[in-house]
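What follows is a short report on a single structure.
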Amino acid sequence: LTYTFEDVAGALGAIAPHDWRGFLRERVDGHAARAPLDGFARAGWRLVFRDTPSAYSRSLDAAGKRTSATFSLGLSVAREGGRVIEVVWGSPAYQAGLALGSSVVAVNGRAWRGEELAEALRDAKREGRPIELLMRRDDRYSTVRIDYREGPRFPHLERIDGTRDRLGALLKPREAPR
């Protein structure tokens, strides 16, 4: 049998009177948004977004033979053939109805190439117009407009001045025993 949040708060209250509901809500709901990023900050780093990919992002895209707009459109596309290989839940691409199994044929009226998608992201920010994708799924074609105007976004870790670099210490290669 399953139990509810109220069951847990009630059981704790029966053992030791306290506002367990408030206590648990603060800890469960209050930390969800900042928990992962707070760990970076305590390690001396912060997550920032820039309009150019990091060396790591470029290497992932090269190894995966893909063009990634994961942190902007919520979309990754195979370089060869334009096959959609990732759509992030709730992202602009998801809300526009893009799905795995479809292929990007053209971006803003130009034949699919990864560079075209990157250029469309820059144009959307500069010119304030939606990105238009010609999509193919099986033998059907459709035009999808994604109203996204924030430009390309790529995650980068940036040091916080004046803090101890705990992350660097964790990632430092170990020395061989002597």
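- Heavy-atom neighbours of R129 CZ from other residues, nucleotides or ligands within 6.0 Å: above the threshold of 12.
- Judged by distance alone, the side chain of S76 and the main-chain N or O of T70 form no donor-acceptor pair under 3.5 Å.
- Put simply, CG on D7 and OG1 on T2 are 8.0 Å apart, with the number rounded to the nearest 0.5 Å.
- The aromatic rings of F71 and F49 sit tilted relative to each other, their planes meeting at an angle between 30° and 60°.
- No continuous path of ILVMFWY side-chain contacts below 4.5 Å connects I85 to V104, so the two sit in separate hydrophobic clusters.
- Here the straight-line distance linking atom CG of L117 with atom CZ of R110 works out to 13.5 Å at 0.5 Å rounding.
- Taking OG of S72 as the reference point, atom CD1 of I131 lies at 7.0 Å (rounded to 0.5 Å).
- For Y94 and W89, the ring centers are positioned less than 6.0 Å apart.
- Shortest non-hydrogen contact noted between T163 and I160 is OG1-O, 2.6 Å.
- A distance-only check finds no donor-acceptor pair linking the side chain of R164 to the backbone of G44 [under 3.5 Å].
- To the nearest 0.5 Å, atoms CD (Q95) and CD1 (I146) are separated by 10.0 Å.
- E6 and R21 are joined by a salt bridge, as a carboxylate oxygen and a charged side-chain nitrogen come within less than 4.0 angstrom of each other.
- Counting non-hydrogen atoms of neighbouring residues, nucleotides and ligands closer than 6.0 angstrom, the CZ atom of R159 exceeds 12 such neighbours.
- Contact between D61 and R66 at its shortest, heavy atoms only, is OD1-NE, 2.8 Å.
- Tracing side-chain contacts under 4.5 Å through hydrophobic residues (I, L, V, M, F, W, Y), one never reaches L100 starting from V88; they form parts of separate clusters.
- Hydrophobic clustering places L171 together with W45 (ILVMFWY residues linked when any side-chain heavy atoms are closer than 4.5 Å, directly or through intermediates).
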*I would like to know whether E119 and R126 meet salt bridge (charged side-chain N to carboxylate O under 4.0 Å, His left out); could you show each step before the answer?*
CA-CA 10 Å; E119 186 62 32; R126 185 175 51 247; 3.5 Å; yes
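- With W112 contributing its side chain and L133 its backbone, the two residues share no donor-acceptor pair below 3.5 Å.
- For OH of Y56, the number of neighbouring non-hydrogen atoms (other residues, nucleotides, ligands) closer than 6.0 Å is 12 at most.
- Counting only residues at least two apart or in different chains, side-chain hydrogen bond (donor to acceptor under 3.5 Å, both in side chains) contacts with residues 134-144 are absent.
- Counting only distance, with no hydrogens or angles, the side chain of R46 and the backbone of F40 share no donor-acceptor pair below 3.5 Å.
- With salt bridges taken as basic N to acidic carboxylate O contacts below 4.0 Å, one links R149 and D147.
- With respect to the salt-bridge test (charged N to carboxylate O, under 4.0 angstrom), the residues D51 and R153 do not qualify.
- In this structure, R50 forms no cation-pi arrangement with F154, as its terminal cationic atom is not both closer than 6.0 Å to the ring centre and no more than 45° off the ring axis.
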